[in-house]
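Sequence lines set the chain letters: A, B, ... in the order given, protein chains first and strands last, and positions in each chain run from 1.
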Protein chains: 2
Amino acid sequence: MARGSETRTKILDVAQAAILTKGFDATSIDEIVAAAEITKSGFFYHFRDKNALAHALIERHIEIEDKLFDALFDRARELGDDPLQTMLIGLKLLAELLDMPGGHPGCIVATAAYQDRLFDRKVRDANARAVLGWRRRFRSMLEAIAQVYPMQDDVDLNHLADMVSAVIEGGLIMSRALGESSITSQQVLLMRSYLKILFSPGIQ
Amino acid sequence: MARGSETRTKILDVAQAAILTKGFDATSIDEIVAAAEITKSGFFYHFRDKNALAHALIERHIEIEDKLFDALFDRARELGDDPLQTMLIGLKLLAELLDMPGGHPGCIVATAAYQDRLFDRKVRDANARAVLGWRRRFRSMLEAIAQVYPMQDDVDLNHLADMVSAVIEGGLIMSRALGESSITSQQVLLMRSYLKILFSPGIQ
DNA sequence: TCAATACTGAACCGGAGGTACAGTACCGCA
DNA sequence: TGCGGTACTGTACCTCCGGTTCAGTATTGA
């Protein structure tokens, strides 16, 4: 039991690292196998095919990220005593988290989104679920804010929730394209600025 | 002359369509060759390898998109008589453009960004140039606005310029992941809302 | 009509995903 | 102590794809 799941975890770890830097296709099974110090047969014992690996990777990613976000915004709630403050603090914490040396590795979800046909329905569904999870999370926080503060501009809360994800995903793409690792966290801080002035009452 | 460039264009056209829906790797040369109604040798007559195709695709994409943006913001300048209005109108026109039935196909630049190691330096450089081009474009527009209007929140204009690109790229990812084609244009409209209240003087 | 341009056709290679299956090391349990 | 399941290893093999090579050929402008 323990032995098997250890190997499985090791495969997922090395696969994730490789895929995020090189892309899904560019990462060969032989390569993963070598890095995980197992054989090809060992790989196919744990995963039926490369698609199953992608699926497991996304599922795990969702889970880990969800816990991380939970912890981060729980911490923000501790520090702030009002929905808007909590959100602003949370985004600042998130920006700090994303501003790591070497840059955040990237997002598995985005990788999957741009290599659509490579994956089967299960992978795409898992991907969509992840994005909807983000939407729900931020949406509920925004609703709490909107109940207390008037909006300076009438915008849809679902769209606004999506914007948090969008600037992160977009930021990751741009930071990859330019090799500027700080872009993603800068974009999160701009999202924070938008929410700040969107919900700031009256004059600045 | 005309004959050769026609074939080349046809190759680029079918390749672009396939790559945007399936990803770069998932699109085989054999497939492109079949769709373009030529032979494999014909393909390699025009492009040294798949990398050369990617490079040509990105170069062409930059050129076309640049002209499209030029035209769009020229039109916006005709309609608005002040830098902020021009920007807001431009973003609205952009949102309308992105809100096409079936959804915008996606961005070649993002495709390349997430399949980094697959491409050589020339492709990555072209990709970075495209992103920097967007930054310069939006940066100059924002500077003109900032000279006339005070900012409600002190943010960096480069970052703000990048945010326009980021919400588009992020929006495209999300719309692909969820199959909701309208997301990208919604995100552009939110960016518009941000700029509107960021540069709106005093009370709403 | 000649030579460059723009291809076709066919054969071939290496690497990647994937299959099949026999053998084996470990490990808890009766 | 041994039995059986779990977790692999090793080997051999198949197909498809990107890419190469090269000889041959149709089209076309000077």
Side-chain angles (χ1 to χ4, degrees), chain A residues 1-58 111-112 115-123, chain B residues 1-19 21-58 108 111-112 114-124:
Chain A
M1 181 86 171
R3 187 163 142 256
S5 80
E6 260 173 44
T7 305
R8 204 187 129 93
T9 303
K10 195 167 183 183
I11 293 172
L12 288 173
D13 286 342
V14 302
Q16 177 158 6
I19 287 169
L20 284 175
T21 53
K22 301 200 292 191
F24 188 71
D25 292 288
T27 304
S28 72
I29 293 177
D30 284 330
E31 197 186 330
I32 295 169
V33 155
E37 292 174 299
I38 51 162
T39 61
K40 210 172 178 178
S41 315
F43 175 88
F44 284 106
Y45 174 78
H46 286 285
F47 302 99
R48 231 179 61 257
D49 50 27
K50 228 185 166 186
N51 235 305
L53 172 70
H55 190 219
L57 229 36
I58 288 179
T111 305
Q115 293 172 45
D116 237 23
R117 293 294 157 87
L118 245 138
F119 303 110
D120 61 19
R121 229 184 140 246
K122 269 172 77 179
V123 174
Chain B
M1 179 88 173
R3 188 164 140 253
S5 79
E6 259 172 46
T7 305
R8 203 187 130 94
T9 302
K10 194 167 183 182
I11 293 171
L12 289 173
D13 286 342
V14 301
Q16 175 157 6
I19 287 169
T21 52
K22 299 201 291 191
F24 188 71
D25 292 287
T27 304
S28 73
I29 293 179
D30 284 332
E31 199 186 328
I32 295 168
V33 155
E37 294 173 297
I38 50 162
T39 61
K40 211 171 179 178
S41 315
F43 175 87
F44 284 106
Y45 174 77
H46 286 286
F47 302 99
R48 231 179 62 257
D49 50 29
K50 228 184 167 188
N51 234 306
L53 172 70
H55 190 218
L57 229 35
I58 290 179
I108 286 270
T111 305
Y114 263 100
Q115 294 173 45
D116 237 24
R117 292 295 155 87
L118 245 138
F119 302 110
D120 61 18
R121 233 188 136 243
K122 268 173 79 179
V123 173
R124 287 201 300 276

With respect to the side chain of His46(B), which nucleotide from dC7(C), dG19(D), dG17(C) is positioned closest? dC7(C)
Here the distance between atom C1' of dG18(D) and atom CG of Asn51(B), to the nearest Å, is 12 Å
Expressed as a whole number of angstroms, how long is the span from Phe43(B):CZ to dT20(D):C1'? 14 Å
Would a distance-only check, ignoring hydrogens and angles, find a side-chain to backbone donor-acceptor pair under 3.5 Å from Lys50(B) to Phe24(B)? yes
OG1/Thr9(B) to NE2/His46(B) distance, rounded to the nearest 0.5 angstrom? 9.0 Å
Tyr45(A) OH to dT24(C) P: how many Å, rounded? 18 Å
Starting at atom CG of Asp49(B), determine the distance to atom C1' of dG15(C), rounded to an integer number of angstrom. 16 Å
Using atom CZ of Phe44(A) as one end and atom P of dT19(C) as the other, report the distance to the nearest whole Å. 7 Å
Determine whether any donor atom in the side chain of Ser41(B) lies under 3.5 Å from an acceptor atom in the base of dG9(C), or the reverse, and answer yes or no. yes
Figure out the CD1/P separation between Ile29(B) and dC17(D), and round it to whole Å. 11 Å
I'd like to know if the side chain of Lys10(A) and the backbone of Glu37(A) have a donor-acceptor N/O pair within less than 3.5 Å. no
Give a yes or no on whether a donor-acceptor pair under 3.5 Å exists between the nucleobase atoms of dG9(C), that is its base, and the side chain of Lys40(B). no
Protein-nucleotide distance (Ile38(B), atom CD1; dA6(C), atom C1'), rounded to Å: 11 Å
Side chain of Ser28(B) - closest among dA16(C), dC17(D), dC7(C): dC17(D)
N or O in side chain of Thr7(B) less than 4.0 angstrom from dC7(C) OP1/OP2: yes
Just verifying a value: how many Å separate Ile11(B) CD1 and Ile38(B) CD1, rounded to the nearest 0.5 Å? 3.5 Å
How many whole angstroms separate atom CZ of Phe47(A) from atom C1' of dC8(D)? 14 Å
